[in-house]
Asks: 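My structure is below; once you've seen it, I'll send some questions.
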Amino acid sequence: MLKTIEWTGEAVRVLDQTRLPGQIVYLELRDERQVWDAIPRLVVRGAPLIGVSAAYGVVLGVRAGRGVDAVCDYLATSRPTAVNLFWALDRMRRVAKAGGDADRLLAEAHAIRAEDEAMCLAIGQNGVTLFANSGDRPVRLLTHCNAGALATAGIGTALAPIYAGLQQGLKFEVFADETRPLHQGSRLTALELREAGVPVTVLCDNMAATVLAQRKVDAVIVGADRIAANGDTANKIGTMPLAIVSHHFGIPFYVAAPTSTIDPSLPDGSHIPIEQRDPAEITGTPPRATAPDGVKVFNPAFDVTPAALITAIITERAVHRPPYRFKKL
Ligand code: MRU
């Protein structure tokens, strides 16, 4: 599997996900500004990986002589929806408040990264129990966006049960939604599943309802950017319609995420801030324009799936079933 992030001693080295699937390019981010810039550009992306990247960004800022609070406040403005960003920054702030120096902050960033790896493995172990009765038949799943190894420091969240299942001899077949407008599904999920030897079929987002109606899959499994106390879940735009269609056809709809993605301070999903992105992601730029000049564009990066449509939420601790009542840890 491609390594998404590593600490070099002076910089944080990240896989540039904007270049995938065609090119494997690593960038060395040398200060907190470069880390900030990499987050909204989606050089690094996926809720857990955003948190890990920001933690190393704090280390870089503090090493350059800036105050922890100022660096954390700055990095907190990079993207609004994935709560892992704020969760990681809070951990860094707490270490500084307890008197931690740059070395101690670096140790905390390493710990955040290592915990993320461990959480992914545990999500995989918990998630695979849902598919354990499939016998010799391949487990057929549909996923949206990329909540795999490329979105984390480990083996991913939504794809982790697949990787855990492969170790146990299970077989899988996956439909990967393309995920307009930035194609995280076709560019990233299809790439990492192909590398892992999992048969993967790419489809446009508007074809997923047909796949579900034709019962070509046993379940839908996705990641999350923020889960409210009642289980309402923000994830990549296009997730909610999948949940609605799954519910209609009686197909299980699973969310897999670490507890660092749960925000129990928000009672429900209506409070989750949703990132709005550049219209050019949808309209393209000449000569490859896909819409006429001057039209208005609606480009939210995430939607919120009502908890009532979620069959189970898989975390590193358990497979949670409704009603969801997540509390402060
Ligand atoms: O805009 P992105 O690519 O950062 O969106 C990513 C997603 O929506 C993922 O599903 C989510 O962050 C979970 S990643 C384990």
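Counting starts at 1 for both ligands and their atoms, following the listed order. Bear in mind that the values here come from a model prediction, so they are computed numbers and not experimental data.
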Asks: So, Thr18 and Asp16: side-chain donor and acceptor under 3.5 Å apart, yes or no?
Replies: yes

Asks: Look at the aromatic rings of Tyr74 and Trp36 and report parallel, tilted or perpendicular, splitting at 30° and 60°.
Replies: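 Tyr74 and Trp36: parallel rings.
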
Asks: Of all residues at least two apart in sequence or in a different chain, which pass the salt bridge (charged side-chain N to carboxylate O under 4.0 Å, His left out) check with Glu173?
Replies: none

Asks: Using a cut-off of under 3.5 Å, which N/O atoms of ligand 1 pair up with protein N/O atoms, and what distance separates each pair?
Replies:
from: ligand 1; atom 1: 1 (O); to: Arg79; atom 2: NH1; distance (Å): 3.4
from: ligand 1; atom 1: 1 (O); to: Arg79; atom 2: NH2; distance (Å): 2.8
from: ligand 1; atom 1: 1 (O); to: Lys236; atom 2: NZ; distance (Å): 2.7
from: ligand 1; atom 1: 3 (O); to: Arg45; atom 2: NE; distance (Å): 2.8
from: ligand 1; atom 1: 3 (O); to: Arg45; atom 2: NH2; distance (Å): 3.3
from: ligand 1; atom 1: 3 (O); to: Gln184; atom 2: NE2; distance (Å): 2.9
from: ligand 1; atom 1: 4 (O); to: Gly46; atom 2: N; distance (Å): 3.0
from: ligand 1; atom 1: 4 (O); to: Arg79; atom 2: NH1; distance (Å): 2.8
from: ligand 1; atom 1: 8 (O); to: Asp225; atom 2: OD1; distance (Å): 2.8
from: ligand 1; atom 1: 8 (O); to: Asn235; atom 2: OD1; distance (Å): 3.2
from: ligand 1; atom 1: 8 (O); to: Lys236; atom 2: N; distance (Å): 3.2
from: ligand 1; atom 1: 10 (O); to: Asn235; atom 2: OD1; distance (Å): 2.6
from: ligand 1; atom 1: 12 (O); to: Ala47; atom 2: N; distance (Å): 2.9
from: ligand 1; atom 1: 12 (O); to: Asp225; atom 2: OD1; distance (Å): 3.2
from: ligand 1; atom 1: 12 (O); to: Asp225; atom 2: OD2; distance (Å): 2.9

Asks: How would you list, by chain and number, every residue that makes a side-chain contact (heavy atoms from CB on, under 4.5 Å) with Thr201, sequence neighbours excluded?
Replies: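 Result, side-chain contact (heavy atoms from CB on, under 4.5 Å) vs Thr201: Phe175.
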
Asks: Among all residues two or more places apart in sequence or in another chain, which pass the salt bridge (charged side-chain N to carboxylate O under 4.0 Å, His left out) test with Arg91?
Replies: Glu108, Glu115

Asks: Aromatic rings Trp7 and His110: how do their planes relate, parallel, tilted or perpendicular, breaks at 30° and 60°?
Replies: perpendicular

